[in-house]
Amino acid sequence: MMMGKPKIILKSVTKYYDAYTCALSNIDLTISEGEWVSIIGPSGSGKTTLLNMMSGLDTPTSGTININGTDLTGLGQKMLAKFRRENVGLIFQQHHLIPYLDALENVMTAQYFHGKVDREIAREALERMGLGQRLKHRPAQLSGGEQQRVCIARALINDPEIILADEPTGNLDMKNGEIVMGIIKQLVDEGRTLVIVTHNMDIAKQGRRTIQLVDGKISTDSSRQTHNPLETSVGRKANSPPTSTGSARR
Amino acid sequence: MMFLRIVARSFNRRRPRIAVAVIAVLMGASMTSGLLTVSTGIEDKLAKEFRRFGSNILVIPRSDTIELGFPGISFGSVSEQRYIDESDLWKIKKIDEWSANVLGFAPMLYQVVQVEHEGNVQRAVLTGTYFDRAFPDLTKAGEIWSTGIKKIASYWNVEGNWIEDDDNGSVLAGVSVAEKLKLKLGDSIYVSYENPETKSTTTEQLSVAGTVSTGGSEDSQLFVPLSVAQRISGRLGKVHSVQVSALCVECPAELIGAEIEKKLPYTQAKTVKQLVRAEEMIMDQLGQMMLLITVVALVASGTTVTTTMMTTVMERRREIGLMKSIGAENSTIASIFLAEAVIVGVTGGFLGYGLGNVLAQHIAESVFSAPITPLLTILPVTVGISLSVAVLASTLPVRRAIRIDPAIVLRGE
Ligand SMILES: Nc1ncnc2c1ncn2[C@@H]1O[C@H](COP(=O)(O)OP(=O)(O)OP(=O)(O)O)[C@@H](O)[C@H]1O
Ligand SMILES: [Mg+2]
């Protein structure tokens, strides 16, 4: 198995929202460069919380997080914002766009926060998403699928190495879902690391590795290089990444 | 560029809310600029009035409320009419030690009348006085001494003709009255006076002999010989006050005043210095009240801006969270809201300056019956104050915006 260097390293990450809500409990997880990792699990199991940890949108109660060589522990808000701009592209379930800006401006806003606005690059990014004819449309004038593609264009505009997607097709119909997944697949083919939260098993299956969360703990973590769970488990033992727990099960 | 675009677009979307904030600032700003204009204008006027005032002692009946009515500025109304007898006036020139220093005096009898000219009707103060009246000189036997406004008020600027003191049918019109009624030299006007006690009305026809301009309250008065004013108002032999011009290089005007009071025990003689001090006190109090009103108005504007901005921040929390999640720093978020505050403050300031001038004009006309010139120097002050109020009022909402958790975006709240 040819795995790149580790991109995302979580060590004993625990998140309490309050004294009674333990959203993540002692998570150890390593994700390597170029990996496609699907995160599945029942509602409330901590999937979004996990993604928030990886993107620096939220901080763990305890444990350490290292993303793309940056240790997020103890970073201030300013540094976290900088980290997000430079390292991760976020794709949300609801197509979060700024309502009063058109498609092009929404993409350019991300460029602006990154420091350099280039209209041409923004336009090309939207054209790649098949939105060449929709540049001047405001979110309300776009379909759900189109809005999601604007989001993706925005997430990619600063060329992040890591894509974090939280149910990107959750609000889309089959056809639009397929278009969006096609684009996402292409991103991984280009060598980006993808962590995608999904309820859709068909989508999860497209990745090589699926992590199932239950009650804030990793209940299964399967590498899909091979269809033999036992072999996977053995292989992992040999390489002994400290992050994997449990055995692959289907 | 992108920053401006974000600000402009979001602005455009929330015009009604922004309008509320701008109006709030405008209110405070108009108060500020209006009251600043009025107080500087009035102070200027007073200062000028006193500086070029010809006489330096004012004689008035004792404990009369007209006390505050030094020619030109009348505060309060006359509750208890008291008069000085015209027949006593000669005594002013025959005081004990300082008689020679009394250069001249002019009695004043005021009444509000209705003036009509070619269908136009105006209210104005009709003042009776001496213009240039000859007396036997009581200090030097056999000589004639003439006194009156012409002698003591060198600042009077008369176009046309002065009036003789025995002229029954002429009037000298203040320039603003003349302007309002479109009076030309030689025009006839009708002056009506309603006696408040008998309710009977006296009307006289007078012809305009000339116009007078002083830059002071005289501009909105009509001047006639004392005898004419006494006849119209039925106050024969009476005057309200006497302006006295005393030569005072060395001598203190207070001493001359004291001698006059001794000769005319039912009067008090105030020096201009004393009157200025009284005026200054009134102006101080007026100024403090204006300041208070302005501060209250500004606090009210600030509060409105804060609540409006706060609502805006709450409405836009998703958007703020989103911006943060895609990498906006707190300072960027803060600048977006502060830029809004700056625009609101500056717009409100400019509009407020305009409205403030209208306000000042209104106050000046109705309270001081004199127009006031807008002062351009007040514009930057007003804009500066509104800007500070708007920015200050936004600090709380901005802090709120900064505290918004970017994680709300993924949570889909
Ligand atoms: N801000 C918060 N404050 C308190 N509790 C929270 C907060 N966010 C999430 N939780 C709780 O933490 C747990 C994990 O939530 P999370 O959003 O990560 O679940 P999820 O796996 O993404 O669920 P879903 O599939 O419904 O999106 C849940 O019990 C949830 O109620
Ligand atoms: Mg979720």
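Computed from a prediction, not measured in an experiment: that's the story for all the values here. Sequence lines set the chain letters: A, B, ... in the order given, protein chains first and strands last, and positions in each chain run from 1.
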_Contacting moiety of D405(B), where chain A heavy atoms sit under 4.5 Å_ = side chain

*Considering only heavy atoms, which portion of R14(B) lies under 4.5 Å from any heavy atom of chain A: side chain, backbone, both, or neither?*
neither

Are [X] and [Y] packed together at the side-chain level, in the sense that at least one heavy-atom pair is separated by less than 4.5 angstrom?
X       : Y       : result
K324(B) : F113(A) : no
P406(B) : Q77(A)  : no
I98(A)  : M323(B) : yes
M2(B)   : Q111(A) : no

*Top contributor to chain A contacts, counting heavy-atom pairs under 4.5 Å, from I402(B), I6(B), N12(B)*: I6(B)

_Interatomic distance, E319(B) atom CD to L97(A) atom CG [nearest 0.5 angstrom]_ = 11.0 Å

*Mind checking the CD1-SG spacing from I326(B) to C151(A)? Nearest 0.5 Å is all I need.*
8.5 Å

Atom of [X], atom of [Y] and distance for their closest heavy-atom approach:
X       : Y       : result
A328(B) : A81(A)  : O-CB, 3.7 Å
F92(A)  : L322(B) : CE1-CD1, 3.7 Å
L90(A)  : S325(B) : CD1-O, 3.4 Å
R13(B)  : P99(A)  : NH2-CG, 3.8 Å

*Run the salt-bridge test on E329(B) and K82(A) with the 4.0 Å N-O cut-off and return the result as yes or no.*
no

Atom [atom1] of [X] with >12 non-hydrogen neighbours under 6.0 angstrom:
X       : atom1 : value
M27(B)  : CE    : no
E127(A) : CD    : yes
F350(B) : CZ    : no
D215(A) : CG    : no
K136(A) : NZ    : yes
F11(B)  : CZ    : yes
E190(A) : CD    : yes

*Let me see the working for R9(B) and D102(A) under side-chain contact (heavy atoms from CB on, under 4.5 Å), right down to the final yes or no.*
CA-CA 10 Å; R9(B) 287 282 159 97; D102(A) 63 33; 4.1 Å; yes

*Sort R138(A) into side chain, backbone, both or neither according to what part of it lies under 4.5 angstrom from a heavy atom of chain B.*
neither

*Between E167(A), E105(A), K78(A), which residue shows the highest count of heavy-atom pairs closer than 4.5 Å to chain B?*
E105(A)

